[in-house]
Number of protein chains: 2
Amino acid sequence: MSRARITTPSSMGEALDFLRSAMEDRGWVALFASCKALYEGRGASESSEGDVLVIIKPDRTIIVHGPSGYKPLNWQPSGSAITLSEQSGHLEIRALRRSPRELLVLECGRVYAIAALQAPQSPEFYMYLSESEIRDVLVEHPELIEEGLRIAGIERPVEPGFIDMYGYDREGRLVVFEIKRVKAGEQAARQLLRYIEAIKTRGLKDVRGILLAPDFTESAIRLLELSGLEYKRLDLRRLYELASKRLSARGTKSLLDYMRGSKE
Amino acid sequence: MSRARITTPSSMGEALDFLRSAMEDRGWVALFASCKALYEGRGASESSEGDVLVIIKPDRTIIVHGPSGYKPLNWQPSGSAITLSEQSGHLEIRALRRSPRELLVLECGRVYAIAALQAPQSPEFYMYLSESEIRDVLVEHPELIEEGLRIAGIERPVEPGFIDMYGYDREGRLVVFEIKRVKAGEQAARQLLRYIEAIKTRGLKDVRGILLAPDFTESAIRLLELSGLEYKRLDLRRLYELASKRLSARGTKSLLDYMRGSKE
DNA sequence: AAGTAAATGTCGACG
DNA sequence: CGTCGACGTTTACTT
């Protein structure tokens with residue numbers, strides 16, 4: 001049996017039946033129709049009838065797209081209660097959200113086509129780079145952090161856990177790094193602080209600690225400055241480029257290869 | 001004949017043909033597929049393979065939705081140049097935006113279902129051609145620009161961005177083309193000039209630059225003549241006729257398909 | 001749960 | 001082509 005089903009329904013009853021069965025059991029629906037939208041909630045809107053693409057996702061997010069532009073004409077977020085019915089020759093789709101109370105009603109005069117997909121396998125979408133990939137790039141390009149830095153090791157076990165990366169600055173002082181792939185919060189700052197204090201209690205006084213992240217929360221910066229620690233913003237795009245180069249040098253096709261386009 | 005068409009393609013070639021013809025005349029497309037997404041531009045992202053819904057709107061907005069949430073996983077705004085191709089059993093969809101320079105590449109390993117809707121045929125929209133479609137026609141019909149011209153490549157990255165198209169004239173001189181779908185202004189002329197200067201600074205002196213558009217502003221023409229560049233008016237009606245023919249002739253692997261491949 | 005800041009924010013208006 | 005402001009902003013994170 002196929003996971004995908006499609007139809008160009010010849011009647012509203014047929015369309016309704018198809019939609020009902022498609023929406024059972026985590027169904028996913030794309031519906032081309034001519035319809036009118038009514039919305040009431042935080043704002044209010046009413047549209048004249050026109051061609052739209054209605055998407056219903058497995059999590060019951062509903063999105064109504066017009067023929068142009070990035071933004072949907074109407075939508076209702078995940079978890080809204082969707083009910084289908086036939087009203088005097090029209091297919092009516094209602095999506096109700098409880099808090100805040102918002103209602104979206106679609107009145108479809110004509111249904112051109114419906115496609116449905118069962119039980120989607122979600123992509124493990126990840127943005128930019130993993131923490132270890134960032135670290136690998138920084139090991140090869142310590143100048144991105146500061147001039148004269150020499151990386152000496154990674155994943156070094158210390159009392160409370162593992163130090164992501166460490167090295168020595170141009171004056172020979174030990175520098176300990178904590179790397180975060182996403183915005184670093186107070187948690188990350190505290191983690192670095194613990195490592196630094198653990199090292200200092202072992203007698204090594206002249207230690208620098210630097211938190212590396214694409215961004216920092218206010219509270220993280222406050223704690224770092226209070227504790228005499230440092231932080232340095234990472235340019236993820238730059239890191240991404242270098243990581244791609246690294247990977248393509250190993251024969252893995254990366255986005256940069258696509259961007260290079262045709263070569264002669 | 002119905003405005004809507006649907007298919008659950010049994011091969012990538014079939015999917016590609018369906019998509020190509022669906023994208024004629026400001027068509028809409030909804031595509032259920034398992035695919036991997038690569039994006040680089042203002043940000044950068046990469047996803048593992050997973051089920052997504054790809055929407056292509058009549059204005060060439062492309063939106064990639066995952067199985068949950070309001071926000072798309074990836075997208076490219078209206079007017080981006082969308083090209084379709086088959087790459088070693090994968091369906092590849094590329095959407096290129098020039099300013100800011102952003103590229104989205106979708107590698108679909110499986111295509112579950114495609115639904116397409118033909119937009120209402122108001123006369124002005126009937127003649128709609130995207131920049132990439134104009135370029136594709138010109139690649140196959142360089143004689144529309146001048147006799148003896150040979151097109152050598154498209155979407156070539158150069159310092160400031162991407163060259164739309166380039167080739168060699170009957171005397172073997174390199175010719176760089178900038179294509180505009182609408183009336184070309186000073187901006188477009190400057191863009192071409194930047195490309196030409198970038199190439200000249202690399203040592204290649206004998207380069208021609210030609211701006212291609214249905215019309216030109218006075219200031220654009222002034223700048224072009226001042227800079228020793230050329231311009232050539234495009235006959236959109238003629239291009240449209242050829243584009244329609246191109247798309248209706250399916251299954252024929254064109255030069256474009258080879259050029260889109262990363263190497264020869 | 002409420003408040004705050006970022007986003008590939010998008011989108012429109014205006015100089 | 002910039003900058004400014006609004007958005008049913010959404011989303012993630014802190015309090």
Side-chain angles (χ1 to χ4, degrees), chain A residues 37-47 57 59 61-66 68-80 95-105 125-129 180-190 213-223 233 235-238 240-241 255 259, chain B residues 37-47 57 59 61-66 68-80 95-106 160-161 180 182 184-191 194 217 219-220 223:
Chain A
L38 300 128
Y39 162 80
E40 205 180 289
R42 278 170 291 176
S45 76
E46 186 174 341
S47 76
K57 293 192 178 189
D59 69 346
T61 297
I62 182 167
I63 306 173
V64 184
H65 270 281
S68 69
Y70 160 81
K71 276 187 137 178
L73 298 173
N74 283 288
W75 70 95
Q76 205 66 286
S78 69
S80 58
L96 178 67
R97 185 190 191 182
R98 278 297 153 75
S99 169
R101 191 181 162 77
E102 293 174 301
L103 178 65
L104 174 64
V105 182
F125 192 80
Y126 85 92
M127 198 75 175
Y128 301 111
L129 298 158
K180 282 279 163 264
R181 190 180 67 80
V182 292
K183 190 173 187 171
E186 216 175 310
Q187 198 80 21
R190 263 200 298 272
D215 200 5
F216 306 88
T217 64
E218 265 311 309
S219 61
I221 291 177
R222 230 182 357 255
L223 178 55
R233 207 172 294 272
D235 181 350
L236 287 184
R237 279 200 56 190
R238 183 94 187 86
Y240 189 91
E241 281 169 28
L255 185 59
M259 295 198 71
Chain B
L38 300 133
Y39 160 77
E40 159 123 6
R42 282 167 293 176
S45 74
E46 194 170 336
S47 80
K57 294 193 178 189
D59 69 345
T61 298
I62 182 166
I63 306 173
V64 184
H65 269 282
S68 69
Y70 160 82
K71 273 191 124 176
L73 298 174
N74 280 291
W75 69 93
Q76 205 66 285
S78 70
S80 58
L96 177 70
R97 183 190 193 182
R98 192 109 46 65
S99 170
R101 183 200 348 158
E102 293 179 300
L103 177 66
L104 174 63
V105 180
L106 301 176
K180 282 278 164 267
V182 292
E186 213 176 314
Q187 197 76 25
R190 261 200 300 274
Q191 194 170 356
R194 271 203 304 276
T217 65
S219 61
L223 178 56

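Quick note on labels: first sequence line is chain A, next is B, and so on, each numbered from 1. These numbers come from the heavy atoms of this one structure, side chains and all, not from hydrogens, waters or symmetry mates.
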> What residues, two or more places apart in sequence or in another chain, satisfy side chain to side chain donor-acceptor pair (under 3.5 Å) together with B:Arg98?
Replying inline: B:Glu131, B:Asp164, B:Glu178

>> I need the A:Ile63 CD1 to A:Asn74 CG distance, nearest 0.5 Å.
In response: 11.5 Å

> Which distance, rounded to the nearest 0.5 Å, do you find between the CG of B:Leu106 and the OG of B:Ser47?
Replying inline: 8.5 Å

> Does some side-chain heavy atom of A:Thr61 sit less than 4.5 Å from a side-chain heavy atom of A:Ser78?
Replying inline: yes

> Looking at B:Ser68 and A:Asp59, what are the two nearest heavy atoms and their distance?
Replying inline: CB-OD2, 3.1 Å

> When the C1' atoms of D:dC7 and D:dT11 are considered, how many whole Å apart are they?
Replying inline: 14 Å

> If you take all heavy atoms of B:Leu223 and B:Ala189, which pair is closest and at what distance?
Replying inline: CD2-CB, 3.8 Å

>> Under the rule for ring pair (Phe, Tyr, Trp, His ring centres under 6.0 Å), what residues qualify as partners of B:Tyr70, not counting sequence neighbours?
In response: A:Trp75

> A:Arg42 side chain N/O closer than 4.0 Å to the phosphate oxygens (OP1, OP2) of D:dT9?
Replying inline: yes

> Which sits closer to the 5' end of DNA chain D, A:Gly43 or B:Gln187, going by the nucleotide each is nearest to?
Replying inline: B:Gln187

>> Expressed as a whole number of angstroms, how long is the span from B:Leu38:CG to C:dT8:P?
In response: 16 Å

> Quick one: side chain to side chain donor-acceptor pair (under 3.5 Å) partners of A:Arg42, sequence neighbours excluded?
Replying inline: A:Glu102

> For the pair made of CD in A:Glu102 and P in D:dC7, what is the distance, rounded to whole Å?
Replying inline: 15 Å

> Over how many whole Å does the gap from B:Trp75 atom CH2 to D:dT9 atom P extend?
Replying inline: 19 Å

> Any donor-acceptor pair under 3.5 Å joining the side chain of A:Glu40 to the base of D:dG8?
Replying inline: no

> Rounded to the nearest Å, what distance is computed from the OH atom of residue B:Tyr39 to the C1' atom of nucleotide C:dT8?
Replying inline: 3 Å

>> How many whole angstroms separate atom NZ of A:Lys57 from atom C1' of D:dT10?
In response: 12 Å

> Atom CD1 of A:Ile62 and atom P of D:dG8: how far apart are they, to the nearest Å?
Replying inline: 18 Å

>> Requiring both pairing distances under 3.5 angstrom, list the stems that contain DNA chain D and are made of three or more consecutive Watson-Crick or G-U pairs.
In response: C:1-7 with D:9-15, C:9-15 with D:1-7

> Just how far, in rounded Å, is P of C:dT8 from CD of B:Glu46?
Replying inline: 16 Å

>> Students often get this wrong, so: under 4.0 angstrom with heavy atoms, is B:Glu186 touching a base, only sugar-phosphate, or nothing?
In response: nothing

> When you compare D:dG5 with C:dT8, how far apart are their P atoms, in angstrom units rounded to a whole number?
Replying inline: 23 Å

> Sequence neighbours excluded, which residues qualify as side-chain contact (heavy atoms from CB on, under 4.5 Å) partners of B:Ser219?
Replying inline: B:Glu186, B:Thr217, B:Arg222

>> Output the rounded distance in Å from CG (A:Asp59) to C1' (D:dT10).
In response: 14 Å

Are any protein N/O atoms closer than 3.5 Å to N/O atoms in nucleotides 11-15 of chain C? If there are, list each pair with its distance.
| residue | atom | partner | partner atom | Å |
| --- | --- | --- | --- | --- |
| C:dC11 | OP1 | A:Tyr70 | N | 2.9 |
| C:dC11 | OP1 | A:Lys71 | N | 3.1 |

